[in-house]
**Student:** 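Quick one: this structure, given as structure tokens, is what I'll be asking you about.
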Amino acid sequence: MTQPAAEGVDFFSVVMTPEFREDPYSFFDALRATEPVHRTPFGVYLLSRHADATAVVRDPKLSNDERNSELHRALQEANPIQPTLDMDEVVMLFLDPPDHTRLRGLVSKGFTPRMVEQLRIRIQHIVDERLDAVAARGDGRMDVVTDLAYPLPVVIICELLGVPIEDQATFQSWSTELAGAIDPDPLISPEQRERIKIAGDAFIEYFTALIARRRADPGEELLSALIAAEEDGDRLSEEELLGTAL
């Protein structure tokens, strides 16, 4: 398979090709070698070196909040379909201090040493199960993403949040659609944007009901711990609980 040389090539035109979807790695190798700081026609910068990305993430002068971007606001106005919950307002990944600091402090209280230790044991058990299944196939082959890296976090997150096993396949399909929301806006088609909205709304409906059940009957899972988490009299609001679960 031949990937285009990175220098002088618009990244967004490349990522729309089937070849890139199948094998993005050779293009990223070329990008790091020839244009590690790549400016797209939309004014978005793509950093492909770890050191550069780390420096940006740690720079307090830069923002995680897309609402501070004129480009993001323009794209939102052009594509008004949005999930019911405004993720930019309640998800800590998309917020700057002090809002990020507050949410992170409250959420961290749900990860007690006891819960983390239980999680470690459960992750090891699931990894062993997945590897045993690969070995049982007897073909001497393993796709690390398909056989392990993708299903592992889905199962663990479902268990953390108390999602019953019979709902996990539906949960996974919603997650796949919702994950598309983090793609650059120009890459999201109107049809995909509608699917993202449907998945987001389905998640909100599901977690609203699950949070209500856990308020009435707390369990041992993370969602119950988040509902109970408190710091200096502060708790997560209903919207913040939903955003964290999403």
Side-chain angles (χ1 to χ4, degrees), residues 1-59 62-66 69 71-72 75 79 87 91-94 123-124 126-158 160 168-169 171-193 195-196 199-200 246:
M1 181 183 305
T2 301
Q3 288 280 1
E7 190 171 12
V9 174
D10 171 27
F11 173 72
F12 289 121
S13 68
V14 173
V15 299
M16 298 301 290
T17 64
E19 292 80 10
F20 177 86
R21 294 288 184 172
E22 184 175 338
D23 174 25
Y25 308 109
S26 57
F27 178 79
F28 286 136
D29 286 342
L31 199 64
R32 280 189 289 271
T34 63
E35 197 177 2
V37 180
H38 176 75
R39 189 181 190 276
T40 72
F42 297 97
V44 174
Y45 285 87
L46 178 69
L47 307 180
S48 56
R49 291 185 301 203
H50 182 268
D52 294 335
T54 299
V56 166
V57 169
R58 296 178 181 275
D59 192 331
L62 300 177
S63 175
N64 289 324
D65 192 337
E66 289 186 328
S69 165
L71 174 62
H72 178 72
L75 289 169
N79 299 283
M87 303 280 281
V91 177
M92 74 175 86
L93 295 177
F94 307 142
I123 291 173
Q124 183 65 64
I126 295 173
V127 169
D128 290 343
E129 285 183 335
R130 303 298 304 190
L131 295 179
D132 288 345
V134 170
R137 287 205 306 257
D139 58 5
R141 300 179 61 84
M142 177 180 181
D143 185 309
V144 177
V145 174
T146 302
D147 293 328
L148 179 63
Y150 184 74
L152 177 63
V154 172
V155 173
I156 290 300
I157 291 170
C158 284
L160 266 176
Q168 290 185 8
F171 184 99
Q172 181 169 327
S173 68
W174 291 341
S175 296
T176 299
E177 292 293 351
L178 197 62
I182 66 174
D183 284 344
D185 281 329
L187 298 184
I188 302 177
S189 68
E191 295 77 16
Q192 183 186 11
R193 198 174 298 278
R195 294 198 306 271
I196 290 170
L246 283 167

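Bear in mind the structure is a predicted one, so any value in this text is a computation, not a measurement.
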**Student:** So if I apply the side-chain hydrogen bond (donor to acceptor under 3.5 Å, both in side chains) rule between Asp147 and each of Arg141, Arg130, Arg137, which one comes out positive?
**Tutor:** Arg137
**Student:** Of Val154, Leu152, Leu148, Thr146, which meets side-chain contact (heavy atoms from CB on, under 4.5 Å) against Tyr150?
**Tutor:** Val154
**Student:** Provide the closest heavy-atom pair for Pro151 versus Val145 in the form atom of the first, atom of the second, distance.
**Tutor:** CD-O, 3.6 Å
**Student:** What distance do Ser189 atom OG and Arg195 atom CZ have between them, rounded to the nearest 0.5 Å?
**Tutor:**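 One gets 6.0 Å once the value is rounded to the nearest 0.5 Å.
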**Student:** Which pair of non-hydrogen atoms, one from Gln192 and one from Gly180, has the smallest distance, and what is that distance?
**Tutor:** NE2-CA, 3.7 Å
**Student:** Kindly give the heavy-atom pair with the smallest separation between Leu46 and Leu31, and that separation in Å.
**Tutor:** CD2-CD2, 3.4 Å
**Student:** Taking the side chain as every heavy atom from C-beta outward, state whether Val91 and Leu246 have any atom pair closer than 4.5 Å.
**Tutor:**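 Not in contact.
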**Student:** Have a look at Ser48 and tell me which of Arg32, His38, Glu35 forms a side-chain contact (heavy atoms from CB on, under 4.5 Å) with it.
**Tutor:** Arg32
**Student:** Can you tell me how far the CZ atom of Phe171 sits from the OG1 atom of Thr176, to the nearest 0.5 Å?
**Tutor:**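 Atom-to-atom, Phe171:CZ and Thr176:OG1 are 10.5 Å apart.
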**Student:** Indicate the atoms forming the closest heavy-atom contact of Phe20 with Val14, along with that distance.
**Tutor:** CB-O, 3.3 Å
**Student:** When rounded to the nearest 0.5 angstrom, what is the spacing between CD1 in Ile126 and CG in Leu131?
**Tutor:** 12.0 Å
**Student:** Nearest heavy-atom pair of Leu93 and Asn64: which atoms, and what distance?
**Tutor:**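 Minimum heavy-atom contact is O-CB, 3.7 Å.
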